[in-house]
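Here the structure is laid out as structure tokens; the discussion comes afterwards.
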Amino acid sequence: MLKLTLRNLLARKVRLVMSGLAIVLGVAFLSGVLVFSNGLSSTFDSIIYSSTPDGVVRAEQTASFEAGPTQTTQTLSPEVVAELEELPEVARADGDVVGIGMSLLASDGTLVGGTGAPTLAFNHTDGPNMAGEPPMLLSSGRWPAAADEIVLDDAAADNGDYDLGDEVKLLAPFGDSERTATLVGTAEFNGGGTAGATLLVFSTEGAQDLFLDGADAFHQVSLTAADGVTQEQLAEAADTVAPSGFEAVTGDQVAEESQDAVGQFLDVISTFLLVFAIIAVIVGGFIIVNTFTILVAQRSRELALLRALGASRRQVTQSVLLEAVVMSAVAATVGIGLGWLLARGLAALFRAVGLDIASDALTLDAGSVIISYVVGVGVTLVAAFLPARRAGKVAPVAAMRADSAPARDSLRRRTIIGGVLIAVGIVFAVIGITGGPGPDSLWVGIAAGIWILTAAAISSVIGRPVLVLCRGLFGRLFGTTGRLAGENALRDPRRTGATASALMIGLALVSTIGVLATSLNASVDDVVDEEFTSDFLVQSTNFLPFSTSVGDDLEAVDGVATVSRQQWTGAQVDDSTVFVTGNDAAFDDIYELDMVEGRQQLQGNQALVTTGFADDHDLEVGSPLTLTFLAGKSLDLEVAGIFEGSETTGDVSLPLDLLADAGVPRQDTSLSIMLEPGADAVAVGNALDEAAEATPIVAVYDKQEFAESIRDQINQLLYMIYGLLALAIVIAVIGIVNTLGLSVIERTREIGLLRAIGMSRTRLRRMITLESVAIAVLGAVLGMVIGVIIGVLLRQALKDDLTSLGLPLGQLLVFLVIAVVVGVLAAILPAIRASRLNVLEAIATE
Amino acid sequence: MTSETSSPAPAARAIDLRKTYGSGDSAVHALAGVTLDLEAGRFTAIMGPSGSGKSTLMHCMAALDTPSSGAVEVGGTDLGRLKDKDLTALRRERIGFVFQAFNLIPTLTASENILLPLNLAGHKPDQEWLDTVIEAVGLRDRLGHRPTELSGGQQQRVACARALASKPSIVFADEPTGNLDSTSGAEVLSFLRRSVDDFGQTVVMVTHDAVAASYCDRVVFLADGLVVDEIRNPKREQILEHMTRLQDLAAARTTQA
């Protein structure tokens with residue numbers, strides 16, 4: 001039986017290559033994502049470990065990466081550093097100065113980096129990392145020695161178009177924002193690359209000038225253990241010397257904290273990509289089901305002969321399954337190879353948006369390989385199981401019959417089960433939108449899953465009207481050729497439906513996302529309409545704080561009446577981090593918060609909290625509230641009002657000057673500008689743009705521009721999702737190619753007859769193309785209908801956030817056009833194959 | 001051979017037609033130089049033992065196959081000069097086909113199948129002619145049925161109607177009764193006979209059935225790729241006699257070799 005199976009495989013090379021291709025692509029995506037994710041985390045791991053010393057003395061509650069956009073003001077004096085160095089456990093102690101919010105400008109004044117990865121500024125010391133190696137390596141030049149010298153990472157120097165000796169332009173987050181320094185060298189992390197971060201390395205003196213107002217002090221101290229001293233012993237000894245408010249921790253702990261923080265972010269990326277890989281694999285599975293079903297049907301006479309010759313049902317079933325195993329193993333192997341290349345492609349893509357992944361980190365590890373094989377072979381086996389069982393059911397007598405289609409379970413049974421499942425889905429959806437227990441969107445999500453899978457199973461029934469419509473339309477447009485194509489699509493609705501299902505899944509997801517994104521855009525307009533009450537708003541592109549000098553410059557512009565300043569920062573309340581907004585006095589003139597209790601105007605140590613925050617922390621008007629800031633200082637406040645949360649403030653709002661008291665360095669996060677009555681908004685807007693030009697990290701928005709900038713971000717994400725779903729659609733196209741190819745083989749005689757009685761090659765190709773278009777349109781229409789329904793229901797479930805419903809009618813039309821194009825493309829190969837059939841041989845084919 | 005009636009102009013003609021498969025020593029000459037006129041308005045049978053080249057001859061004359069050398073003319077057109085596109089159009093408009101089996105497109109009804117070549121050509125059917133043909137095959141009440149709902153004989157009669165629908169110069173029939181029982185076969189043959197007698201059509205039929213051939217005006221015998229004999233207005237016994245002689249000859253040659 002094994003020998004026979006292998007012979008069968010070889011005899012059907014082309015067909016198996018085509019269905020194998022679906023698995024190849026699915027597995028390629030999966031293994032590519034796995035390799036890429038591993039590469040991503042190992043890139044960060046190696047940077048984290050190579051840049052962390054044996055021990056660190058730092059301000060308490062500094063979670064290395066979570067420092068966020070706030071600069072700590074707590075410092076250590078050089079005496080503490082000297083004291084630490086004198087400890088017998090300490091080989092050396094180096095004071096570190098860490099600057100946050102610094103930006104690098106290119107020589108032409110544009111911003112370098114800033115698209116995602118942070119810009120890190122720090123002083124250079126000779127302190128080694130925990131492996132005893134220097135944490136950074138020079139690529140060219142030397143380390144900075146004087147206060148006005150700087151070293152950049154290689155990529156930053158390159159992007160900024162700076163050579164050694166050039167004046168580098170910088171934007172400081174405090175005070176006079178424009179700075180310059182002389183480039184004296186370029187460097188990289190010892191661990192390789194920078195993962196896209198922009199590095200600004202100063203001399204200790206230079207960093208102190210910039211970030212500590214020239215005071216001789218440090219933010220933290222890196223410790224190197226003496227010979228034979230463990231990290232724990234080092235930290236324990238250092239802790240005895242650390243001043244109050246500071247703690248000594250091991251390098252391992254620092255590295256672990258960094259990994260946790262980075263890991264959360266990386267997990268989001270990996271999960272996101274993995275979801276699409278899984279979709280691709282599922283779509284591939286549908287194609288396998290279809291291909292094997294057709295192959296079994298075409299071979300039913302041969303299988304019946306085997307049964308007649310004494311093969312048991314099990315043997316026949318197993319031989320088909322064995323074919324699936326061999327095919328999928330080969331396909332998975334190719335897929336894993338392709339996935340490795342895909343990982344490099346993804347890395348290049350992420351590099352382009354500023355997340356640099358060392359290419360030597362992209363290695364095929366055993367885990368990824370095993371998962372890819374298990375998934376590839378597993379999905380194929382599951383998908384081939386039903387057709388294989390059907391193969392086993394072929395009656396031996398079928399070998400003697402001319403018409404040898406295997407017995408089929410009736411469509412009616414399938415339709416009834418499908419109807420019941422759709423009804424179950426409706427129940428879930430109703431529970432979801434009428435507010436059942438738990439998250440509403442989860443209920444709708446379950447309904448969506450049921451519907452998509454059910455629709456895939458009964459697409460032959462529910463898709464019939466679409467196919468009949470296609471037949472009529474084709475007949476009208478293309479005459480007999482069109483009618484024949486329409487008939488062909490209808491002659492085996494099960495096959496047409498199964499082929500269309502793969503495309504349906506892809507388009508259902510695309511349409512759902514489309515509805516949600518359009519609704520989100522519409523809702524953004526609602527929110528902006530309601531909450532954007534100033535004439536202009538100034539924010540940095542990634543919501544980082546910027547120097548107050550920007551506001552000073554804008555205040556000076558003619559026609560500006562008020563510039564209201566707002567600073568956002570993080571603070572700890574009961575061990576959780578919350579967003580705190582400091583508002584100046586003018587804020588209350590521009591924004592009217594939706595007060596539930598108390599009043600918006602504050603006096604002294606008073607604060608406003610959102611209803612959500614008040615619920616979480618059991619607060620009411622008059623309750624005391626203590627916020628602990630990164631600098632280690634606390635603020636004792638009284639809740640003066642509770643308001644319905646909005647986009648204009650964080651969880652807690654307080655007077656701006658209180659933040660300075662709490663040791664938060666004075667910066668602005670958002671400026672709201674009101675114009676003088678009668679001022680020309682366009683002219684003032686231009687003047688404001690001009691005034692802000694020197695600070696490319698901020699932008700001046702009017703209402704339209706602001707809504708547009710948010711929409712741009714939404715659309716960027718949308719297009720990324722569409723891009724990832726495109727792979728599922730490519731796989732679906734392969735499914736159509738496959739089915740058509742097999743149909744052409746099946747209909748060889750019919751094609752021969754058509755050619756003999758006068759159908760030209762061109763028309764034959766058109767006939768097959770139209771059949772393909774019918775399949776594609778069926779998939780697209782079903783997918784879009786289901787997708788829009790799911791999208792609308794999900795919007796309903798999320799109506800608190802998605803206040804408006806938007807239907808992407810233009811996009812849906814584009815999808816339909818794409819489906820037609822997809823159909824045409826999928827038909828190219830089968831059509832050429834059919835038109836090349838020799839008429840005589842085709843007629844003679846048994 | 002007597003020819004008291006004057007021969008009409010040929011509907012199709014083969015001139016020194018040769019068809020060779022393979023090359024060198026292993027070359028097989030399916031047609032070794034056939035020259036043959038198929039007269040218009042006549043019912044001609046082509047007979048011969050298996051491997052005599054009768055099917056190849058028909059395929060070449062019907063523009064389904066290209067000869068190695070020699071020329072074929074259909075209705076005065078030299079097929080050798082035509083490209084695939086023109087050949088297709090010629091088959092569609094000037095030639096009718098009836099095959100042994102699988103003559104109809106399963107997704108189309110009987111009437112759609114009959115009209116298929118006309119529709120493909122984009123010509124308006126001559127309704128009067130169509131009615132005549134459909135009446136003659138006697139399938140008016142089955143026109144809306146699909147092939148699977150028709151018997152084998154009915155299917156072949158639909159195929160015959162299709163072959164005649166476009167008023168072709170010549171109809172080629174390849175063993176049209178090969179898959180039918182004798183009653184159904186007789187119906188099909190009578191219809192072909194009528195189409196020649198009543199409608200003036202030209203029909204050429206490849207067959208090895210003496211009964212079928214006895215419906216014809218003329219029987220052409222092929223052996224080893226050559227025309228070896230022919231009879232006009234044949235009787236069944238005459239045909240059988242000729243066939244037996246040819247088969248004996250063939251057998252003798254095989255024994256010698």
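Just the heavy atoms: all of them, side chains too, but no hydrogens, waters or symmetry mates, feed the values below. All chains are named by letter (A, B, ...) in the order of the sequence lines, taking the proteins before the strands, and each is independently numbered beginning at 1. As the structure is a prediction and not an experimental result, all values here were calculated from the model.
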Between CG on residue A:Leu484 and CG on residue B:Leu108, distance to nearest 0.5 Å: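 Result: 4.5 Å between the selected atoms.
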Using a cut-off of under 4.5 Å on heavy-atom pairs, state which of A:Gly752, A:Gly479, A:Ala756 scores highest against chain B.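 The option with the most such pairs is A:Ala756.
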Within a reach of under 6.0 Å around [atom1] of [X], are more than 12 heavy atoms found that belong to other residues, nucleotides or ligands?
X: A:Arg389; atom1: CZ; answer: no
X: B:His208; atom1: NE2; answer: no
X: A:Arg464; atom1: CZ; answer: no

Residue pairs passing the salt bridge (Lys or Arg N to Asp or Glu O under 4.0 Å) test where at least one lies in residues 108-135 of chain B, sequence neighbours excluded: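 Non-adjacent pairs meeting salt bridge (Lys or Arg N to Asp or Glu O under 4.0 Å): A:Arg483-B:Glu112, B:Asp126-B:Lys167, B:Asp131-B:Arg140, B:Glu135-B:Arg140.
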Is the shortest side-chain heavy-atom distance between A:Val839 and B:Asp65 below 4.5 Å?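 No, their side chains stay 4.5 Å or more apart.
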Would you check if A:Thr480 and B:Leu118 make a side-chain contact, meaning some heavy-atom pair closer than 4.5 Å?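 A:Thr480 vs B:Leu118: side chains apart.
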Non-hydrogen contacts under 4.5 angstrom with chain A: give the residues of residues 72-95 of chain B involved, or none if there are none.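 Within residues 72-95 of chain B, the residues that come under 4.5 Å of chain A (heavy atoms only) are B:Asp84, B:Thr88, B:Arg91, B:Arg92.
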Less than 3.5 Å apart, which donor and acceptor atoms pair up between the side chains of residues 762-776 of chain A and the rest of the protein, not counting sequence neighbours?
from     : atom 1 : to       : atom 2 : distance (Å)
A:Arg763 : NH1    : B:Leu120 : O      : 2.5
A:Arg763 : NH2    : B:Leu120 : O      : 2.6
A:Arg765 : NH1    : A:Ser835 : OG     : 3.3
A:Thr769 : OG1    : A:Arg765 : O      : 2.7
A:Glu771 : OE1    : A:Arg747 : NH1    : 3.0
A:Glu771 : OE2    : A:Arg747 : NH1    : 3.4
A:Ser772 : OG     : A:Gly823 : O      : 2.4

Take B:Asn119 and A:Thr481 through the side chain to side chain contact (heavy atoms under 4.5 Å, CB included) test and state the conclusion after the steps. CA-CA 9 Å; B:Asn119 283 335; A:Thr481 320; over 6 Å; no
B:Ile105 to A:Leu753 - nearest heavy-atom pair and separation: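 The answer is CD1-CD2, 4.0 Å.
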Between B:Leu115 and chain A, which part of the residue has a heavy atom less than 4.5 Å away: side chain, backbone, both or neither?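 The answer is neither part of B:Leu115.
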Which donor-acceptor pairs under 3.5 Å do side chains of residues 43-64 of chain B form with protein atoms, sequence neighbours excluded?
from    : atom 1 : to      : atom 2 : distance (Å)
B:Ser52 : OG     : B:Pro49 : O      : 2.8
B:Lys54 : NZ     : B:Gly48 : O      : 3.2
B:His59 : ND1    : B:Ser55 : O      : 3.4

